[in-house]
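Report on the structure given below.
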Amino acid sequence: VLHIRSMTRSDLLFGGELSRQAGWNQTAADWQRFLTLQPDGCFVAELDDQPIGTATTCLFEHVGWIGMVLVDPSARRQGVGRALMNQAIRYLESHAANAIRLDATPMGMPLYTSLGFTTQYRLTRFAGKIQCPHVKNKEEDSQEPPWEQIATFDANLIGYSRQKLFHQLEAEPEIRTLVDQKGQEMLGYVCTRPGRLAVYVGPCMASSPEVGEGLMRQALGRYHSQEVIIDVPNDNRRAIEVMASVGLKPSRELVRMCRGETAPEPIESLWASGDPAKG
Ligand SMILES: CC(C)(COP(=O)(O)OP(=O)(O)OC[C@H]1O[C@@H](n2cnc3c(N)ncnc32)[C@H](O)[C@@H]1OP(=O)(O)O)[C@@H](O)C(=O)NCCC(=O)NCCS
């Protein structure tokens, strides 16, 4: 019998096993963050009382995100993924989401398409060992990042507030953040965090291509000769060029999909997605 129930802290190890098995980059801290951000909106599928799948949601104002849709390989093609998705959609719609977004892998796309999700744009995951010398010319993270200003800057660009995400990042000592400011005016920010396989770079939003490139090179320079992963919109040409120039290679394609109202995203300002599970 298939049963979908709420995820609890005791499921986080199981989630970690599923994402590791899929070759994904999430750490225990990433899983903990999913549950902290939407404590009653993360789900586990059980087949005959055995956990076999997960899905998480994250609601920012009226925009809901779905992520971590994972089904154990032994239980695929039996409707588990669909049941998890239906539960996640129901949860978000009952909490007044008028748009639901996700980043689809090629494996997930047919399912999402059949549930009414349409393609917004494509992202490329870049991965590899960074070849980028360290440059120290912006605010280094000895200072506390101006989180309120970052949240306001971000909301002005994307059209909804991710303040609860920034509050959470502020509380995590492993998150490193760089900002570019002109006086009091915020011009851009980038966050990085450890991953299971590689440092994850993002979110990164910038008010101009010059600011984006400067922030990105400075952030990447800190990880010279280390493995990093970045998800970049294909239509941000400047960002794609920078990726190649620092030795990163395309490793896979993600498709940003939307169900409900589509909000236009400022792709030229979006240098790196924060997470496939919440944009
Ligand atoms: C994507 C994934 C979650 C789907 O889970 P699942 O339990 O196998 O999905 P379902 O059995 O509910 O299949 C849902 C529908 O998608 C379709 N589908 C699923 N996999 C498909 C495939 N590889 N090719 C074509 N169609 C497929 C089926 O037609 C099915 O429709 P049906 O209900 O009419 O049979 C699972 O394959 C998985 O965990 N993959 C690895 C992780 C991943 O990529 N997750 C997606 C993240 S965006």
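Numbering of ligands and ligand atoms starts at 1, following listing order. Residue indices begin at 1 and follow the sequence shown.
Residues passing the side chain to side chain contact (heavy atoms under 4.5 Å, CB included) test with S251 are R125, A127, sequence neighbours excluded. Every residue two or more places apart in sequence or in another chain that forms a side chain to side chain contact (heavy atoms under 4.5 Å, CB included) with E210 is listed here: S208, R238.
Protein heavy atom nearest atom 44 (O) of ligand 1, with residue, atom name and distance: T105 OG1, 2.7 Å. Nearest non-hydrogen protein atom to atom 7 (O) of ligand 1 is G81 N, 2.8 Å. Looking from atom 45 (N) of ligand 1 to the surrounding protein, the closest heavy atom is V69 O, 2.8 Å. Nearest to atom 25 (C) of ligand 1 among the protein's heavy atoms is P110 CG, 3.9 Å.
Side-chain contact annotation: Q163 with E148, donor-acceptor N/O pair under 3.5 Å present. Using a 3.5 Å distance cut-off with no hydrogens or angles, the side chains of K278 and Q38 do not pair a donor with an acceptor. Side-chain atoms of R256 and Y121 form a donor-acceptor pair, as typed in the model, at a separation below 3.5 Å. Between the side chains of S245 and E241, no donor-acceptor pair is found at a separation under 3.5 Å.
Looking at R76, M68, R77, it is R77 that brings a heavy atom closest to atom 23 (N) of ligand 1. The option from Q21, M107, M257, R82 that lies nearest to atom 12 (O) of ligand 1, judged by heavy atoms, is R82.
Of the N or O atoms in V71, one or more lie within a sub-3.5 Å distance of an N or O in ligand 1. Considering backbone and side-chain N/O of Q78, one or more are found under 3.5 Å from N/O of ligand 1. Ligand 1 has no nitrogen or oxygen under 3.5 angstrom from a nitrogen or oxygen of G108.
For ligand 1, the atoms sitting less than 4.0 Å from at least one non-hydrogen atom of L111 are 14 (C), 15 (C), 16 (O), numbered in the order shown with element in parentheses. Per-residue contacts place L70 under 4.0 angstrom from the following atoms of ligand 1 (heavy atoms of the residue considered): 39 (O), 42 (C). Listed by number with element, the atoms of ligand 1 under 4.0 Å from a non-hydrogen atom of Y112 are 46 (C), 47 (C), 48 (S). Of all the atoms in ligand 1, the ones that sit under 4.0 Å from a non-hydrogen atom of D103 are 48 (S).
At least one heavy atom of G79 lies less than 4.0 angstrom from ligand 1.
Side chains of M85 and L111 form a contact here, defined as non-hydrogen atoms less than 4.5 Å apart. S19 places a side-chain heavy atom less than 4.5 Å from the side chain of L70. Put simply, the side chain of V190 does not reach to within 4.5 Å of the side chain of T177, judged on heavy atoms.
In this structure, atom 2 (C) of ligand 1 has its sub-4.0 angstrom surroundings free of protein heavy atoms. There is a protein heavy atom less than 4.0 angstrom from atom 31 (O) of ligand 1.
Between the side chain of S273 and the backbone N or O of P276, no donor-acceptor pair lies under 3.5 Å.
By the criterion of a heavy-atom distance under 4.0 Å, neither the backbone nor the side chain of A22 is placed next to ligand 1. No part of L84 comes within 4.0 Å of ligand 1, judged by heavy-atom distances.
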Residue pair Y189, F166: steps toward the ring-ring contact (aromatic ring centres under 6.0 Å, His included) verdict: CA-CA 12 Å; Y189 74 91; F166 294 113; 5.6 Å; yes
